[in-house]
Amino acid sequence: LYVVNKLDPAREYCFTVSASDGAGNMSGRSNRACATTPPDLTPPTVPTNLNVTADTPTGITLSWPASTDDGFVAGYRVYRDGVLITTTADTWLTDSGLSTETQYCYAVQAFDAGGNQSALSNLACATTSWKHATIESYVDVQWTAIALDGNDKVYIAYYNGTYTGTNVQVGTVNYATIVSGTWQSTVLDSVAPIVYGSLSLLSNTDGSLHAAYYDFQNSRLNHAMNTSGTWTIESIDSNAMNVTTVSMAHDASGNLHLVFNPDGNVTYMTNGPGYWTSEIVGRNGVIYGNAATCSIASDAAGKAHIGYYDYTNGVLKYVTNTSGSWVTETVDDSADVGLHTAIAVDAGSKSHLSYYDVSNGDLKYATNKTGYWVTQTVDSVGDVGPSAAIALDANGHAHISYTDATNHFLKYATNASGSWTTKIIDGHTYVEGMVSYPGAYTAIAVDSIGKIHISYGSAGHLRYATNR
């Protein structure tokens, strides 16, 4: 019995047989026998886990696991932005000669010798000129924060935590940097980050690093400072309950300004007098879960600007002490809006906020740079806007990183061109043998030459993206 494989379906094949002995003598041929292979009606399996990576400013590499077929897979069709660009027998492709700073989206389709074709793979997108790095794997990233020093060196802080049940949390606050040329990660403090989230990181005017974070298990708000390579930690509120958000900024004199929300009270702290002072400046209601509800920025005069989500009323509010006393304004009450709020202040002391429209699943933006509040919808395709973070460049243009919760993408938006443009920075990523869904807990910074740096979680990985 002899089986001939990899024949074309629905085609006649004819065979003859000859016998041979050990001396190499051959008999005559047998009668000719013919058979027609049955038609192949079964398509190959759909290619899954398509991964795309922008390797160069003008090139993107695609890779995917092989499909299977009841016969054999003859090849794959590769589509870029819905248009067939090539056919290949390999499970990878480098698409070169692309435009810089441009988003491209790909899908792959398998076909067999019978002409059957699979459905399209998952859509995977990448933006040229963006580079990505996996800083740490096999971590449960609960939140990230990013900071740049005066030399544009990158620092990232993040929660790594696990919920073990029955209100028991274990975890750490970690700190990562690439100052040495390669990413190095260390544990800053042992805490219990799960259930309640958010932390903040900044590089001060004197080059010192500062982190602020919540220790849920001990109900403490902590401030950590690194001035000479060693972290020192102090508790600045030892009775902070139900905190979901910690945000920190510094002014031109190096004084720290901080906002957090114990028991739903928007609370402002500063060490400007030489010691920490605290006062309640608003109320956003008690919120459970990892959700940013308030954010702070400082202007050139050292005044505080705070955006916060009024959970009780479902509105976005803003409070500032620029006049010498605290004044509160309603920024947006068009729907249930203001969750995942983030704020930045420009050189003219005008505020810019990014936030999530809970009712409509949209990313929104608000600014008072014209003297009154103007709101805009930045992205409304799918459920977008969770984990939003905002930073401004030297020209006062806004740059926002955020999550596409529908497609599990990391996205980026900017109004630097005069109107809003959005890009997918990291789509479904195939990292270390598993599918990673990027975009959670984003943080963003803009460096001295206007380039973007983003930290984010990605299904068991801490990731970093930049277009520098």
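Here the structure is a predicted model, which is why all the values come from computation and not from measurement.
Looking at K369 and D346, no side-chain N of the basic residue comes within less than 4.0 Å of a carboxylate O on the acidic one, giving no salt bridge. A salt bridge is defined here as a Lys NZ or Arg NE, NH1 or NH2 lying under 4.0 Å from an Asp or Glu carboxylate O, and D152 with K451 fails to meet this definition.
Between M225 atom CE and E234 atom CD the span is 7.0 Å, to the nearest 0.5 Å. Taking NE2 of H461 as the start and CD1 of I135 as the end, the distance is 12.5 Å to the nearest 0.5 Å. Here the straight-line distance linking atom CG of L201 with atom CE of M248 works out to 6.5 Å at 0.5 Å rounding. If you take CG on L98 and CZ on R80, they are separated by 5.5 Å, rounding to the nearest 0.5 Å. Considering CG of N218 and CG of N239, their distance stands at 12.0 Å, rounded to 0.5 Å. Expressed to the nearest 0.5 Å, how far CH2 of W420 lies from OH of Y365 amounts to 5.5 Å.
Using a 3.5 Å distance cut-off with no hydrogens or angles, the side chains of T182 and Q184 do pair a donor with an acceptor. Side-chain N/O atoms of N255 and S253 include no donor and acceptor closer than 3.5 Å. Side-chain atoms of T245 and T293 form a donor-acceptor pair, as typed in the model, at a separation below 3.5 Å. Side-chain atoms of D426 and Y456 form a donor-acceptor pair, as typed in the model, at a separation below 3.5 Å. Side chains of Y402 and D379: a donor on one and an acceptor on the other come within 3.5 Å. If you check the side chains of Y355 and D332, you find a donor sitting under 3.5 Å from an acceptor.
Scored by the side chain to side chain donor-acceptor pair (under 3.5 Å) test, S295 finds no partners at all (sequence neighbours excluded). The side chain to side chain donor-acceptor pair (under 3.5 Å) test applied to W92 returns no partner, not counting sequence neighbours.
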So W326 and Y268, side-chain contact (heavy atoms from CB on, under 4.5 Å) or not? Walk me through it.
CA-CA 11 Å; W326 292 101; Y268 166 75; 3.4 Å; yes

I343 vs Y318, side-chain contact (heavy atoms from CB on, under 4.5 Å): CA-CA, chis, key distance, verdict
CA-CA 10 Å; I343 192 169; Y318 164 82; 4.1 Å; yes

Step by step, work out the side-chain contact (heavy atoms from CB on, under 4.5 Å) result for L256 and M269.
CA-CA 8 Å; L256 299 179; M269 297 187 72; over 6 Å; no

Quick one, L50 with L62, criterion side-chain contact (heavy atoms from CB on, under 4.5 Å). Give me CA distance, side-chain angles, the key distance, then yes/no.
CA-CA 7 Å; L50 173 63; L62 297 74; 4.2 Å; yes

Apply side-chain hydrogen bond (donor to acceptor under 3.5 Å, both in side chains) to D383 and Y356, showing your working.
CA-CA 10 Å; D383 184 6; Y356 179 48; 2.6 Å; yes

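Nearest heavy-atom pair across L199 and A157 is CD1-CB, 3.7 Å. Between V331 and K317, the closest heavy-atom pair is CG2-C, 4.1 Å. In terms of heavy-atom proximity, S278 sits nearest to T267 at OG-CG2, 3.3 Å. A389 and A443 get closest at one heavy-atom pair: CB-CA, 3.9 Å. A pairwise comparison of heavy atoms in R463 and S458 identifies CG-CB, 3.5 Å as the closest pair. The nearest pair of heavy atoms linking A398 to I390 is CB-CD1, 4.1 Å.
Checked against the 6.0 Å centroid criterion, the rings of W143 and Y213 do not qualify as a close aromatic pair.
Between N122 and W64, the closest side-chain pair of non-hydrogen atoms is not below 4.5 Å. Residues V378 and V384 form no side-chain contact, since every pair of their non-hydrogen atoms from C-beta on lies 4.5 Å or further apart. Side-chain contact check for L123 versus N407: every heavy-atom pair is 4.5 Å or farther apart. I85 is not listed as a side-chain neighbour of Y104, based on a closest heavy-atom distance of 4.5 Å or more. Side-chain contact check for N174 versus E136: some heavy-atom pair is nearer than 4.5 Å. A 4.5 Å side-chain heavy-atom check between T86 and L93 finds at least one atom pair inside the cut-off. Annotation: side chain of I296 is not in contact with side chain of L258 (no heavy-atom distance under 4.5 Å). A 4.5 Å side-chain heavy-atom check between W183 and T134 finds every atom pair outside the cut-off.
Ring planes of Y175 and Y155: parallel class, angle under 30° (limits at 30 and 60°). Relative ring orientation between Y309 and Y311 is described as perpendicular, the plane-to-plane angle rising above 60° on a 0-90° scale split at 30° and 60°.
Between the side chain of D299 and the backbone N or O of G302 there is at least one donor-acceptor pair closer than 3.5 Å. Formation of a donor-acceptor pair under 3.5 Å by the N261 side chain with backbone atoms of T244 is found in this model. Here the side chain of H250 pairs a donor or acceptor atom with the backbone of S203 at under 3.5 angstrom. Looking at T45, its side chain does come within 3.5 Å of a backbone N or O of T68 through a donor-acceptor pair. For the pair K131 (side chain) and R468 (backbone), a donor-acceptor distance under 3.5 Å is present. With S380 contributing its side chain and D362 its backbone, the two residues share no donor-acceptor pair below 3.5 Å. Remark: side-chain polar atoms of T403 are not paired, donor with acceptor, to backbone N or O of A405 under 3.5 angstrom. A donor-acceptor pair under 3.5 Å links the side-chain atoms of T128 to the main chain of E101, judged by distance alone. No donor-acceptor pair closer than 3.5 Å links the side chain of T100 to the backbone N or O of S129. Judged purely by atom type and a 3.5 angstrom limit, T442 uses its side chain to pair as donor or acceptor with the backbone of S401.
Annotation for K153: atom NZ does not count as buried by contact number, only 12 or fewer foreign heavy atoms lying within 6.0 Å.
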